[in-house]
Each structure stands twice: as C-alpha cells, then as structure tokens.
Amino acid sequence: MSEALYSDKILALAARKVARLPKPDVTAVRNNPLCGDRVTLDLAIAEGIVTAAGGEARGCALCCAGLAVLLDDLPGQTLESLPAQIETARRSIAMGVSGLAVVLSVLQERPIPRPRQKCVLLPLEALQEALSSLSTNTHE
Amino acid sequence: MSEALYSDKILALAARKVARLPKPDVTAVRNNPLCGDRVTLDLAIAEGIVTAAGGEARGCALCCAGLAVLLDDLPGQTLESLPAQIETARRSIAMGVSGLAVVLSVLQERPIPRPRQKCVLLPLEALQEALSSLSTNTHE
Amino acid sequence: MSLVLHNRPHPKADFPIFDPAGPNAGLTYLDSGASAQKPTQVIEAVSRFYATGYANIHRGVYKLSATATDAYEGVRAQVATFLNAASEQEIIFVRGATEGLNLIAHSWGQTHLQAGDAVLITALEHHANIVPWQILRDQKGIELRVAALAEDGGVDRADFTAKLADGKVKLATFTHIANATGAVLPVAELTAEAKAAGALVAIDGCQAVAHRPVDVQALGCDFYVFSAHKLYGPTGIGILYGRLAVLETMQPYQTGGDMVATVRFDKTEFLDPPQRFEAGTPDIAGVIGLGAAIDYVGSLGWPWIEAHEKALLAYGEAVLAKVPGLTLLPAGPHRSGIFSFTVDGVHPHDLGTILDHHNVAIRAGSHCAQPLLNEFGLTATVRASLGLYNEPEDFDRLAEAVRAAQRMFTPKRA
Amino acid sequence: MSLVLHNRPHPKADFPIFDPAGPNAGLTYLDSGASAQKPTQVIEAVSRFYATGYANIHRGVYKLSATATDAYEGVRAQVATFLNAASEQEIIFVRGATEGLNLIAHSWGQTHLQAGDAVLITALEHHANIVPWQILRDQKGIELRVAALAEDGGVDRADFTAKLADGKVKLATFTHIANATGAVLPVAELTAEAKAAGALVAIDGCQAVAHRPVDVQALGCDFYVFSAHKLYGPTGIGILYGRLAVLETMQPYQTGGDMVATVRFDKTEFLDPPQRFEAGTPDIAGVIGLGAAIDYVGSLGWPWIEAHEKALLAYGEAVLAKVPGLTLLPAGPHRSGIFSFTVDGVHPHDLGTILDHHNVAIRAGSHCAQPLLNEFGLTATVRASLGLYNEPEDFDRLAEAVRAAQRMFTPKRA
Ligand SMILES: Cc1ncc(COP(=O)(O)O)c(C=O)c1O
Ligand SMILES: Cc1ncc(COP(=O)(O)O)c(C=O)c1O
C-alpha cells in the first residue's frame, strides 16, 4: 500500500505555480487524448540556448510535476543537447526503472508505473514538438 | 469401433442401380455444396398421385441409399401427403434417434451422426424442390 | 443488509481472482464495467473443452468434431433463450460488441443507407457506437444525429422525438446502459418511438446483460449486441442478435471459409444467416465459455442478481455521498451498476493510482465516451462499476482510499 | 525411425486430449491442418491468466490491468521475434487468418486499388484468400487473376510470371502451403518476382507456421497472416503481420474504442498502427495463450519439429503407397504436413465416417478449397494432416482403416 510515487517532493512540484512566457520564440501544445490532459510549453531562445521556459499544464500531478521540473532544467541548455536528453528520459521511463536522466532528475526516485508513463512524457513531448517546429521554421 | 451405420442393407441399397425416368412430369436437382454431391429426382404424376419415380445420385453411400429408398417408397403416394412425411423424416434425422418414418424406413435402424445427416437429407430436399416447382407451375 | 444467497455460499468464492491465499488477496475489484472477472465454472469449461473435446467444427465427420459442433451450436440456442430471440438463427457469434456494431454498420448500413438518410444515436454512447456511424457518414453522405443529454443525465426525450420527426432516420442505435455514468436508458420506449417513425433499432447491451434480463422480442429491437467478457465469460467472443427478416437482407461481413455454399473463381454463393456472418474458424472455446457464463448467471438467477445490485447501489450511494468534495455524475432517472465521479483537487488519474495503492481497482479516464464527458465539461472521471462478487465493504474501502488521496493533495498547513 | 526428443518425453504426453485414461483414449488425430490440439502449457496459461491475472488492458491505471497489458504487449513482441518482423508495431492481433486477409482487402484494398488494377492469387488458395478479393473485384471493378495449377500440383511458374507482366497487378497474395494438398509454394521466389513487378505481396501462412520457421524480412513480403489455433494455440486469435510503411498508409478496419485518439461527434482521430487496427476489447486471454504456444514450439525447437515431420512424411508416403486404389493428390516439388487422397469405390464422406469408427480423425470434403479440387476434377477428398504429436503408427492405423472401408465397399462374392 505504498504511496511512494506521490512523494512530498513530487506533490510540491505538482502544486508549484508555473506561468506562460510573455513573448516566447516558440510554443508547443500537447494533448493526451486518453485523459484530456494538456501541456503548453513556451521557450525563449538566443544563439541556440534556451534563455527562458514557461508554460502551463491541465493535468494530473505527474504531468504537472514533470512540467515544473522541465521549466527548472531548461534554461541554459543548448538546443543541440536536448534531443538526446529527451531520448534518454523516454527510455528510462519506459524501462520502469528510475534514472530519468538529466531532464527529469527529481522524478528519479520512483519508477513510474506503465499506465502513468504517458503522463510524465507529455511535457517532454511538448518539448520535442517545440524543437521540431523550431527546426522547421529555421529551414524555411 | 462399430461400423453399424453401414449395415449390409444400407450398402446393398447404396449399390443398387437406379435410373432416370424417360419422360418425367417434374425433375429436381439438389447439390450439397460442401462435398459436391448431387441428387437428381424425376417424378411422373397422375391425378395427384406419384405414378413413377426415378433419378440418379453422385454421392456417398448414405445419399445413394436415401435415394434408392425414396424411389421405392414414392410410387403410389399422394402429393398431398408428402410434405408432412418429409417433415417427419427431417425431424427424426435431426433428433439423431432413428425412426425415419415412412419415407426412409429402411434407414431406421441406425442413428445418423450429425455431420452426415445432410447426406441423407439431400434426396428429401430434391423431393421438396420437385413438389414446390410443381405447385409453382400449377399456380401459373 | 442481507446479501445471502440461499443454499450456497456468496458467489465471490466462485471467482479464483479473489482467492485470499492467491496473488490478489485483498483486491477490491470495481472495474467490472470494463471487464468482469471469471468464475471457476467458466475457466474450467474452457480448459476442459481444450483438454478433452477440442476439434474444429462444422466440417469434420468424426465424433470429436461433431461433438464440438453440437456444443458450439448448443450455445447458440442457449444465447437465443438468454435474449428470448425467436430463433437461434438470429444469433451471430462475433468478437464482441464493437465487432457487432461494425457488422451492422457494414452489412446493413452499406446496402440500406444512402445520402440523405440519417442515423440517430445519443450523447451517451461508447465510442463503439459512434465511430462506425461517422465512417458511414463520411463514406455515404448520411447524416449522424445525436439525441442530446438531459439535465438529469438521461436522454433528452424531446430531442430524441424531434430528431425522428422528419422520417429520415433509418436506424436509431443507442446504449441500454451508459458505460460512463450508469444511466439506464428507457430502451423499450425509445425503441417503440423509433420503430413508429420508421427506423430500425439497434441496442448496445454491453453494460446491461450482466445486470438484468433482456428480452429482445419484448423490446422490439432489430439488433442487440453484447460482449461475453462483461458477462463473466471469456474475452474474444460476443453476440450480435439480429431479427431474421433483417439479417436476410444483409450482405456478408467478413468472407472466406464456413460462410460460403459454393466458390468458383467467377462467382461465389453465400450461406444463410447466421453462417453468412461467421467467416473462418470462430472462437470455438470462447463460445463454450460463454455458454458456461450464461449457465453460471442462470444458477444465481436474476432475482438474486438484481436484489444484490440494488442493495449495493443503495449502500454505495450512501457511502459516496458522505465523501466531501466528491461529485457523482448524474445517471438519469435510473442508475445501474456504475458510479462515475470526480473529487475536488485530485486528478482522476492520480486518484486511480492512489486507489490502486490501496488495492482498489477502478477505472480513470474518459471510458471510451469522450463526447459524453465533454457534455459534462470533463475530460476524465473515476468510475467504480459493479459485479455480482462485490460486497458493501468494497464501497467502504473505496471511500477510505478516496479520503487518503484527498489528504495527500490537501496543502499541508505548517 | 527415431523420433526421440533428447532430454524429454515425446511431446504427445503434453497434450491431454491423448490421455490414455481420458475420454479419447486411442485417438489417432490426423486433422491438425483444420486445427491443432493444445498442450497443457497453453491450456494452463489461459486458465492461470483468468484465475490470477485477469483485467481489461490499455486503459486501467491499476496493477492488475498494467500487468495484463504488459503480458498482452509482451506477446506482440514475441510474435515479432517469431516472424522476425522489424518491429512489434508490425504485429496486429486479429481473430484468425480469415480476418487478417479481410483486413488487408478492406484497409489496404479499398484505398489503394481502383478499376483497372489487378490482384493475383493462385489456384491453390483457401476460400479465405479468394472470396475477399472477389468482393473487392465486384465492388471496385478490379481484375482477379489466378495463377494456374502446374501438372505436378505446384504453381505454374510461367503462368504466374505471365500474369504479372503487364504491371497491373498491385497485390499478389498466395498461400505458403496449400491446405488441401500440402504443396509448399516457393514463396520467397514468388515474392521477389511480384515485388519486382511492382506489386505488394501477402502470404497466407496458416499451414506453414506450425511446420517451419518463417522470416518475413527474408521473404520480403508486405503481409503475412496466420491463425493461432493451427499453431497449438487458442481459437479466436491470429496474426496479421504488415510492413510498417504499408500499415501507415492504411485506413482503419473496425472502429470503436481503443483505436482512437480523440472522438468528437464531428471528427475522430485514429491512433497509429498497430492500435489503429485493433478496435474494442481484444481476445486478451487468446493472446496470452498464443504466447504460450509460441513458447511451447520454441521449447521443442525447429530442428526437432522439422526432422520429426520429415520422418513422418516419408513413413506416411510409404504406407499410403501400399494401399491399392488410393490416389494421392500431387503436392508439387515439396510436400508439408498434409496428404490428400481419394480411394476407388469409397466416397470420401463414407471413408471419413468409417475411419472415425476406427478412431482415426481425418477431414473429408473440399477443405475450403473448392476451386483447387475442381482443378483435379474432384469435389472432395480425404485429408490427413500432421501435428508434432503424430507418430508413425498413426499412418499404420490410417491405412488399416482405409483397407477396412475398402472391404466394406467391395461387392461381396456369394
Ligand atoms: C491456407 C489457409 N488459409 C486460411 C485459413 C483460414 O483460417 P481461419 O479459419 O483460422 O481463419 C485456413 C484454415 O482453414 C488455411 O488452411
Ligand atoms: C456501452 C458499451 N458499448 C460498447 C463497448 C465495447 O465493447 P467491447 O470492447 O467488448 O467490444 C463497451 C465496453 O467497453 C461498452 O461499455
């Protein structure tokens, strides 16, 4: 009857107030159609580096905590380094072991049960979408 | 390991030579699409009475025996009485008990296993088709 | 409250999943609306069939195959009796309700519907009774009408009537019991109304067959579908009942072996219903298991099952009413077997996970009924649904676990 | 002849249907081509799942459902390995081969074929690989071409080549092993030829998967279908392998729950393959049983299975050759697992019944391959087909029973 998944740290992260950026360079929105959850992610970027990140989540605690961690971790990262970090995080989550790598390091403590992995992934998917819409725009 | 179904009587009936009528009043053909068997039945009729019956079967022993019995039994029967007799025979066969009633009395001795009932029924179906084409013609 | 079943122990003991010495000891299972657990009688019927009587059916001349065929066809007759169909020819074995509805859309809809016709559903449908009609709409240019949700969570009867008025509706198809809320629809009245307006009627009985007797002739419907796995039977098998006169006008669905009379490369002739609609080797063992499930339900009897459920519903409603911040979705004038709710401040998925930590299995999400939840302004709820093995205590455990979740999500005062 | 399997007893002991103390004692089962018997390992995997791990999948947040989902998806990965598919996304669970072929005809054929296109089959097909294409032909005005039977009972390769020549063939679909004769088709060569001519290729692997390893990537085919019940697995489940790039271009088949991303009354979005093609609650227990069947076959290993079959075929051929008046249908250059024959003076159905009286279970009839039998000028044969539990003695019993039938039908000399 372990409720370990919902550690105080996670609950605090989930309750954290997050805010949209006033003038983002790129915005991405991802839905989880199965539960109706939605994550919006804003990035400000200068010279290939994330200078600020904002957003909002309508979702469960895991989804909100995931976004909060992401917003903490993103500023200062190079765009170049992000795809590999996303991939690592995705794989760790899927493996059911912890080790959510750099991006979601706070969630490392507990394996995420499979039915809930999608919740944690939603903010990452928004990030991925933001990156791909950036690169599309660059090429145009 | 009873081969009772194939009694000497049935085998003799199955081996009996049967012949088409030269000038039938009605002819019906029925196929069993599942095994390719085919029964042709000819009737000569006068004043509502079967005066002669002939036909041929390309089929298994049960089908051929069924036709032979039918050809024996039909002459002298009133058309009126046949539908009820067909129905009785059909029901007895389906019940898996014997008692094939009037029409197939010789087959009475052994229950016909379900997968083979269609074989015995084929000549009866030909008879039914002959009767219905007769009545259609009459009404025209 | 008395839930005693005379002459036998409480049926929960028939379900090995609840074995107190087994791996799921202490399980509170409140997800029978998604799928019901299986009694030993069903599990053993299936394994006994494989172990002692297995053969493919319909084509074998040997005893084993003939006996298997008799057993398979015997269940067809049994299902006809279970639904009070006029004949066993009206019973088609399908994979489940989803396939049954798709079969109707394809084999009846493709030939009988044309541009300008309408199909009427309700706002309370499962995706399985929405999407096949959308596909038809997009392919054939028919109109898909949706009878609105009433304030009380039932069907808006006036809207249902209005949407039949112009006579364009050729098929009205609705759920017997809404899987996302437990609302029991007045299916006999809706059927009579739709038939009077010249439409055929299909009923999605998925959530009904395990909870109340169904009489398709009394209902007067043309089609009725359900899945065996919600009736304590195996997965992979379900029933499409179709009125024979209607089935006879319908094209085949899947094609191949077992549904044809003659096959030539230029031309093929099909068998009559029900064989016309059962192509290929069916789920023979699934059918045997469904027969055992119907026997099992029959051994308890509807009076006990209905009384048991009535008592459980009353108890559950009382218990849930006492949980502050819990909002129950309304289920119209009559509720059956299902409570769908939200809890202030706790997301349904978090709630689901925390309930699981308390060994309470419920469903969280949209319950394959996104449009209905949207009507309530929601995207997800938590749903507790009942089976005949549930006990009043299950609601106590549910409520306790909900309170624990609430405590977790209440901001801590320092 | 040695049929010893090192380190374990002969696998026949794994199949409870042959229990010498059971109701089928003495059974000679030679109808595995219609459906194979099930080992205890499969029967118990299914009942254990129901008894200890059952829940609906994909939507539950609780452990039982997550574990069931993992088991279900684990079998998808296992099947991908079994067929050497590039990814488990290429594995779609269907009811059986019949549904797999119908799914291709509908979801690929409806969108990718148009009047003037052709589909190429062979004269050796099961009805399941004929009728769906006839339906498409009649609906869409495509041409259905049939590669002829060769003298030796194989495919007429020159005719196959000729029928591809004009580039109109968009899909070539053929059986791996002909169920009515046992002819093994040169599927790798046929596939290469059809692909070179610009066609996609579907292979009906029903009679192959239990007899030899299949490598869809080595074959180079776009689709491969089979039924679990012929692979010692449960009824009600089968596999459609589809190359991902092709699956991604295909429309849904059945629609409803579990295959949609979002549903609104005006518009619905579908999930990616394989989910796009799996509407509704699948045969979860069937999938678990299929996994156990693949494990079982793996535990024996292909070397043993193939050597065992080779020995049986040689023995069977020798025994049947000694029965006067018995004519074996030719099976091309290679035969696998099946003997189809007629006996002078004894109708196949009578023969089937008499063999049954001798406790020998074979199939009599057209084997859902009427066009092929017609090519041989026949409407029915008797077919003996092999499983891994067969022993050489089974052929002795078969031959003895055939002789008994011949004696019965020989006119008695007074
Ligand atoms: C070659 C072949 N194709 C297709 C089928 C159809 O398989 P099922 O009836 O399991 O769908 C069979 C089985 O009879 C077969 O042998
Ligand atoms: C009302 C209703 N209709 C249809 C279905 C679909 O049933 P299945 O998934 O067994 O095909 C369900 C089950 O989820 C249901 O509750």
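Each chain gets a letter, A, B and so on, in the order its sequence line appears, and its residues count up from 1. For clarity, every value in this text was computed on a predicted model and none was experimentally measured.
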Determine which residues belonging to residues 226-234 of chain C lie within contact range of chain D, meaning some heavy atom pair is under 4.5 Å apart, and list them by number or answer 'none'. C:His229, C:Pro234
Per-residue contact mode, [X] against chain D (heavy atom under 4.5 angstrom):
| X | value |
| --- | --- |
| C:Val382 | neither |
| C:Leu27 | side chain |
| C:Ile121 | side chain |
| C:Ile130 | side chain |
| C:Ala369 | neither |
| C:Ile57 | backbone |
| C:Phe18 | neither |

Less than 4.5 Å apart, side chain to side chain, heavy atoms only: is that true for [X] and [Y]?
| X | Y | value |
| --- | --- | --- |
| C:Val61 | D:Asp356 | no |
| D:Val263 | C:Pro371 | yes |
| C:Thr235 | D:Tyr50 | yes |
| D:Gln37 | C:Leu64 | yes |
| C:Glu99 | D:Glu99 | yes |
| C:Tyr54 | D:Phe15 | no |
| C:Thr255 | D:Gln134 | no |
| D:Tyr253 | C:Asn102 | no |

With a 3.5 Å distance limit and no angle check, can you tell me whether D:Gln370 reaches the backbone of C:Ala261 through a side-chain donor-acceptor pair? yes
Does C:Arg95 reach the main-chain N or O of D:Val94 with its side chain, forming a donor-acceptor pair under 3.5 Å? no
Inter-residue atom distance C:Phe270.CZ - D:Ile135.CD1, 0.5 Å rounding: 4.0 Å
When rounded to the nearest 0.5 angstrom, what is the spacing between OH in D:Tyr62 and CG in C:Leu30? 10.0 Å
Ranked by heavy-atom pairs below 4.5 Å to chain C, first place among D:Asp138, D:Asp19, D:Val146, D:Asn129 goes to D:Val146
When heavy-atom pairs shorter than 4.5 Å are enumerated against chain C, which of D:Leu103, D:Ile362, D:Val42, D:Val46 gives the highest number? D:Ile362
Structural part of D:Thr262 lying under 4.5 Å from a heavy atom of chain C: both
Residue D:Ala105 versus chain C: region with a heavy atom under 4.5 Å: neither
